[in-house]
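One structure is given here, and the rest of the page talks about it.
All values reported here derive from a predicted model rather than from experimental measurement.
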Amino acid sequence: QVQLVESGGGLVQPGGSLRLSCAASGFTLESYAIGWVRQAPGKEREGVSCISSSSKDGRTYYRDSVKGRFTISRDNAKNTVYLQMNNLKPEDTAVYYCATDWVLTSCMSLDYHYDVWGQGTQVTVSS
């Protein structure tokens with residue numbers, strides 16, 4: 001069964017850190033570009049980061065609001081992509097999803113319309 005499963009969300013104080021994981025099953029994750037997308041209450045989804053496939057050198061991309069704070073990476077042996085989030089801010093509060101598309105090997109746009117999604121993991125930044 002093809003699926004993406006996110007984990008690692010939780011409640012953290014401003015300035016804290018979390019590492020989100022996106023584990024794939026039923027397909028080889030390194031062959032595809034993988035995006036992290038978030039949706040805050042009452043707001044539209046926005047792409048946060050993307051990592052291209054290993055064949056495209058795994059190039060990484062970030063939304064300006066998270067540059068320098070978030071790092072996307074992949075562990076091909078574990079078939080998993082991570083999003084390390086440091087210096088978290090209240091405005092980072094959202095449900096975070098990982099996503100991919102069967103035709104996507106390079107990141108095209110942070111707001112790409114992916115067709116395979118995980119179930120999401122809640123990140124809450126609050127004191």
Side-chain angles (χ1 to χ4, degrees):
Q1 181 180 1
V2 171
Q3 63 177 349
L4 294 169
V5 178
E6 302 95 335
S7 61
L11 173 63
V12 64
Q13 293 186 342
S17 298
L18 285 173
R19 189 178 77 159
L20 306 184
S21 299
C22 172
S25 60
F27 71 102
T28 302
L29 191 143
E30 69 172 303
S31 298
Y32 302 93
I34 306 296
W36 283 98
V37 180
R38 67 186 179 188
Q39 186 165 23
K43 295 186 177 181
E44 294 186 355
R45 284 182 177 177
E46 65 172 7
V48 172
S49 182
C50 183
I51 184 167
S52 292
S53 66
S54 295
S55 66
K56 301 297 183 182
D57 297 329
R59 294 189 66 180
T60 59
Y61 303 84
Y62 302 93
R63 183 166 293 275
D64 285 347
S65 60
V66 307
K67 281 182 181 177
R69 300 189 298 122
F70 290 12
T71 303
I72 190 171
S73 63
R74 64 167 82 235
D75 184 333
N76 293 332
K78 295 183 178 180
N79 212 26
T80 299
V81 166
Y82 302 99
L83 185 68
Q84 177 68 43
M85 305 186 297
N86 299 327
N87 190 22
L88 283 161
K89 303 177 181 181
E91 52 264 40
D92 295 318
T93 294
V95 178
Y96 284 71
Y97 302 86
C98 61
T100 190
D101 188 292
W102 300 129
V103 299
L104 196 66
T105 57
S106 296
C107 297
M108 301 301 292
S109 165
L110 288 175
D111 294 317
Y112 185 86
H113 288 248
Y114 301 100
D115 62 9
V116 181
W117 293 80
Q119 84 288 352
T121 185
Q122 176 70 48
V123 171
T124 303
V125 185
S126 175
S127 55

What's the spacing between Q122 CD and Q39 CD if we round to 0.5 Å? 11.0 Å
May I ask you to test the M85-Y96 pair for a side-chain heavy-atom distance under 4.5 Å? yes
Interatomic distance, K89 atom NZ to R69 atom CZ [nearest 0.5 angstrom]: 4.5 Å
Give the cluster check for L18 versus V81: same hydrophobic cluster or not, with ILVMFWY residues linked at side-chain heavy-atom distances below 4.5 Å. yes
Transitive ILVMFWY cluster of V103, excluding itself - 4.5 Å side-chain cut-off: V37, V95, Y97, L104, M108, Y112, Y114, W117
Could you give all pairs that pass the disulfide (SG to SG under 2.5 Å) test and reach residues 54-101, with sequence neighbours left out? C22-C98
What closest approach, in Å, do E30 and N79 show between heavy atoms, and which atom pair accounts for it? N-OD1, 4.4 Å
Contact list for residues 53-93, test disulfide (SG to SG under 2.5 Å), sequence neighbours left out: none
Could you tell me whether the side chain of L83 reaches within less than 4.5 Å of the side chain of E6, counting heavy atoms only? no
Contacts of type side-chain contact (heavy atoms from CB on, under 4.5 Å), residue K67, not counting sequence neighbours: Y62, D64
Where do S54 and N76 come nearest, in terms of heavy atoms and distance? OG-ND2, 3.3 Å
By side-chain contact (heavy atoms from CB on, under 4.5 Å), which residues pair with Q84, not counting sequence neighbours? S17, R19, T71, N86
Over all heavy atoms of both residues, which pair between L4 and A24 is shortest? Give the atoms and the distance, please. CD2-CB, 3.8 Å
Who pairs with S53 by side chain to side chain donor-acceptor pair (under 3.5 Å), at least two apart in sequence or on another chain? S55
Taking only residues two or more places apart in sequence, or in another chain, which ones meet V125 in a side-chain contact (heavy atoms from CB on, under 4.5 Å)? V12, P14, L88, P90, D92, T93, V123
Looking at side-chain heavy atoms only, is the closest gap between S49 and F70 below 4.5 Å? no
side-chain contact (heavy atoms from CB on, under 4.5 Å) involving S52 - partner list, sequence neighbours excluded: K56, R59, Y61, S106, C107
Sorted by chain and residue number, the side chain to side chain donor-acceptor pair (under 3.5 Å) partners of R63 (sequence neighbours excluded) come out as D111
Between T100 and A33, is there a donor-acceptor pair closer than 3.5 Å when you use the side chain of the first and the backbone of the second? yes
In Å and rounded to the nearest 0.5 Å, what is the OG to CD distance from S126 to Q13? 8.5 Å
Does anything in residues 118-127 pair up under salt bridge (Lys or Arg N to Asp or Glu O under 4.0 Å), and if so which pairs, sequence neighbours excluded? none
State, to 0.1 Å, how close G8 and T121 come at their nearest heavy-atom pair, and which atoms those are. N-OG1, 4.2 Å
Y82 with I34, same ILVMFWY side-chain cluster at under 4.5 Å: no
Contacts of type side chain to side chain donor-acceptor pair (under 3.5 Å), residue Q3, not counting sequence neighbours: none
ring-ring contact (aromatic ring centres under 6.0 Å, His included) filter on Y32, not counting sequence neighbours, yields F27, W102
List the steps, then state whether side-chain contact (heavy atoms from CB on, under 4.5 Å) holds for L20 with R38. CA-CA 12 Å; L20 306 184; R38 67 186 179 188; over 6 Å; no
So for atom CD, which belongs to E91, do other residues, nucleotides or ligands contribute more than 12 heavy atoms lying within a distance under 6.0 Å? yes
Under a 4.5 Å cut-off applied to non-hydrogen side-chain atoms, are T80 and L29 in contact? no
